[in-house]
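To keep things clear, I will list the structure first and then write my remarks on it.
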There are 2 protein chains.
Amino acid sequence: MMSKRVNIADVAHAAGVSAQTVSRALNNKGEIRPETRDRILAIVDHLGYRPNTLARGLVTQKTATLGLVVPDIANPFFSEVTRGAEEAAHRAGYSLLLCNAHEDPVREVEALYTLEAQRVDGIVLCSSRLSEETFCTLMARLPTVVLVNRESSEGDLKSVRVDDEAGALCATRHLLRSGRRSIAFLAGPPASQGGQRRAQGYQLALSEAGVPGDPALTVACAPQLESGYSTAQQILTNHPEVDALLCYNDLVAVGALQACAALGRRVPEDVAVVGFDDILLAGLVTPPLTTLRSDKRGLGAEAVRLLLRKLAGCTDDCENVVLQPELIVRASAPAGPEQEETLHGPLEAIHHRRPRGDN
Amino acid sequence: MMSKRVNIADVAHAAGVSAQTVSRALNNKGEIRPETRDRILAIVDHLGYRPNTLARGLVTQKTATLGLVVPDIANPFFSEVTRGAEEAAHRAGYSLLLCNAHEDPVREVEALYTLEAQRVDGIVLCSSRLSEETFCTLMARLPTVVLVNRESSEGDLKSVRVDDEAGALCATRHLLRSGRRSIAFLAGPPASQGGQRRAQGYQLALSEAGVPGDPALTVACAPQLESGYSTAQQILTNHPEVDALLCYNDLVAVGALQACAALGRRVPEDVAVVGFDDILLAGLVTPPLTTLRSDKRGLGAEAVRLLLRKLAGCTDDCENVVLQPELIVRASAPAGPEQEETLHGPLEAIHHRRPRGDN
DNA sequence: TTGAAAGCGTTACCAT
DNA sequence: ATGGTAACGCTTTCAA
């Protein structure tokens, strides 16, 4: 039925040359007479020949394919990271094999095995939830890996991440400056390194200010809206004195907003809410979220760039990359009265009046 | 440095059998003595051997990999579709090669060529912006394709889509019933078949109601928030009588909400706004969006299922799938006074009080 | 400048 | 039940 796929031999035959010469014409490699090359390329075009990347990969030991592992592609944070990674990969002539780890370490390991079997040239691993131990065992056999939002003690493992600690520090300071005294932290998945670092920034800000940190006010939660809702509800119920919620990400923060509404707590009058990431949603809910903006696409793009540099054998200047998040002050946690006119007042107005959607 | 990758010959040697037997053990295929198999599998495990899928694909002409092409992976609609597709693919033992067409027909063709070269077993092509002509030319040479949100006259090309016409019809009727008389349509990309079908539903509802359709009230726009903003602003300025905006998708609708705010038009009092898709955002903006909910993950999952059925040679029951969207009435376009207590009144309250985020 | 042969790692096919 | 050989489609290496 379907005629057999045209291969390099067919092209060679049609051009009256050897397969070798066709290969040279295609890869612009080795000496070849220009007119021969042009003739061959014309035939390639006419026959609609596409080199089989499997065969090519088998011999070159390179697939021009990268693996990308994310905890949840439907999470806006990771779809932005993915977009950035895809663009950078595409620009460099690489394809992207996407794996959704589903917030599950088992699935994550599975994904890494699959990528190994597929012989991807390198892997971008986002927000890994694996233990450091599992990690080191795996890395030994995997192709080159670059981590996103996670670091590892493992030798030459490079990473790209946002400065979680600085972000949480900045946000917590902001809350303290605006007069909040009992700040709870919705910490995200315990296995998340980002969550752990944010916890440190949060603690640091508290001790700076001489505020006694109550361990009961740091509560783990899944990185989704629903979990933010239930966790915030629980915190606000058990600790009525809480007047601010620092959230693992914007989805959790939106859930927290809804919990406040459900409990009749006004935001920001009774409770201030701060998110993390500044996804599109953040500026559009009511009240708009104060949050830490991170360059999500940049994270993905930078990870791919680092990966490609490592693949190119560039060992020297491949440093870890730490991107600084930017505090975006909106109505869910405004500046206190004393800072109103100075630091963030004007910004706030700008940030939620303008149409946005592509940050 | 890095020891050579272990291959099937190494395993065979270690087990004292032929490569053939190792292959049989691995694929559970052909006759093999159970104890031999177990012994081999133990060695496989011990050596950490992973079959090279390239080599396997080269000989079997199957890669266990599907291609997914989307216009924009950062668009929440498509990241949900992707999530559904990835899950279905993973469950069936397939990997997913992701291509972002970037809302650009040229990139789309490029992506299809890449997938062809990668010898994916099949392709899920979402919301293609290609002309029917380009399309037919390409399809002839591509591996099996299933379309999402697009249909084609091309022979055996199957598709999965939402019923755009029915959705737009339903939404427009809803607006008319609630007393709106001058309804504009922000139509999305002209090349979008979904947009075209929605235009038909919109027109049909207008003629049903005997409302004269003004062609100037159907305006193309990019499927993003910013474009919704500028397009709505333009419409509302040029046609002050407009009292409702039917939008291509929820992002456009949110932009339209912002335009209304900027122009001092109250929603829904002065202008009603309706979106499409019911992405997470839709229920969380102010006012919450009335919209047509589509099963985004289901779309992706169903497309993969259809694709796999076709690959399995199942030609008979592979029908096109058309999913019905569901009108979700929220405050941006409430029911009119006369329908308040009957149809949608109670629903509305439910839809924006509950925490949501995983629809 | 071009071609022939070998080999990448696996499975299919036919022997044994 | 197991093994040998060829083949998948390409690039690398060497020879002409």
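These numbers come from the heavy atoms of this one structure, side chains and all, not from hydrogens, waters or symmetry mates. This structure is a prediction, so every number in the text was calculated from the model and none was measured. Naming convention: chains lettered A, B, ... in sequence-line order (proteins, then strands); numbering from 1 in each chain.
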May I have the distance from A:L54 (atom CG) to D:dA7 (atom P), rounded to whole angstrom?
20 Å
Taking atom types as they are modelled, is there a donor-acceptor pair under 3.5 Å from the base of D:dG3 to the side chain of B:R24?
yes
Under a plain distance cut-off of 3.5 Å, with no hydrogens placed, do A:S79 and A:T82 share a side-chain donor-acceptor pair?
no
To the nearest Å, give me how far apart CD1 (B:I8) and P (C:dG7) are.
19 Å
Once you round it to whole Å, what is the distance between P of C:dT10 and CG of B:N27?
11 Å
Any salt bridge linking A:E116 with A:R141? Criterion: basic side-chain nitrogen under 4.0 Å from a carboxylate oxygen.
yes
Might you point out which heavy atoms bring A:L68 and A:C126 nearest each other, and give the distance in Å?
CD1-SG, 4.0 Å
Does A:S23 make a side-chain N or O approach to OP1 or OP2 of D:dT11 shorter than 4.0 Å?
yes
What integer distance in Å separates A:K29:NZ from D:dC10:P?
15 Å
In whole angstrom, give the distance that lies between atom CD of B:Q20 and atom P of D:dG3.
9 Å
Just to be sure I understand the rule, does B:T53 reach a base, reach only the sugar-phosphate, or reach nothing, if contact means heavy atoms closer than 4.0 Å?
nothing
With the side chain defined as heavy atoms from C-beta on, B:E31 is closest, among C:dG3, C:dT1, D:dA1, to D:dA1
With a cut-off of less than 4.0 Å, is there a side-chain N or O of B:Q61 near OP1 or OP2 of D:dG9?
yes
Could you say whether A:N52 or B:R33 is positioned toward the 5' end of DNA chain D, judged by the nucleotide with the nearest heavy atom to each?
B:R33
At less than 4.0 Å, is any side-chain N or O atom of B:T60 found next to OP1 or OP2 of D:dC8? Yes or no.
no
In this structure, how many angstroms lie between the P atom of D:dG9 and the CZ atom of B:R56, rounded?
18 Å
Distance, rounded to the nearest Å, where B:I32 contributes CD1 and C:dT11 contributes P:
12 Å
Among A:E86, A:E80, A:E87, find the one that has a side chain to side chain donor-acceptor pair (under 3.5 Å) with A:R83.
A:E87
Value in whole Å for how far the C1' atom of D:dC10 lies from CG of B:L58:
8 Å
Does a nitrogen or oxygen in the side chain of B:S18 sit under 4.0 Å from OP1 or OP2 of D:dT2?
no
Looking at A:R150 and A:E132, is there a salt bridge between them, counting it only when a charged N and a carboxylate O are closer than 4.0 Å?
yes
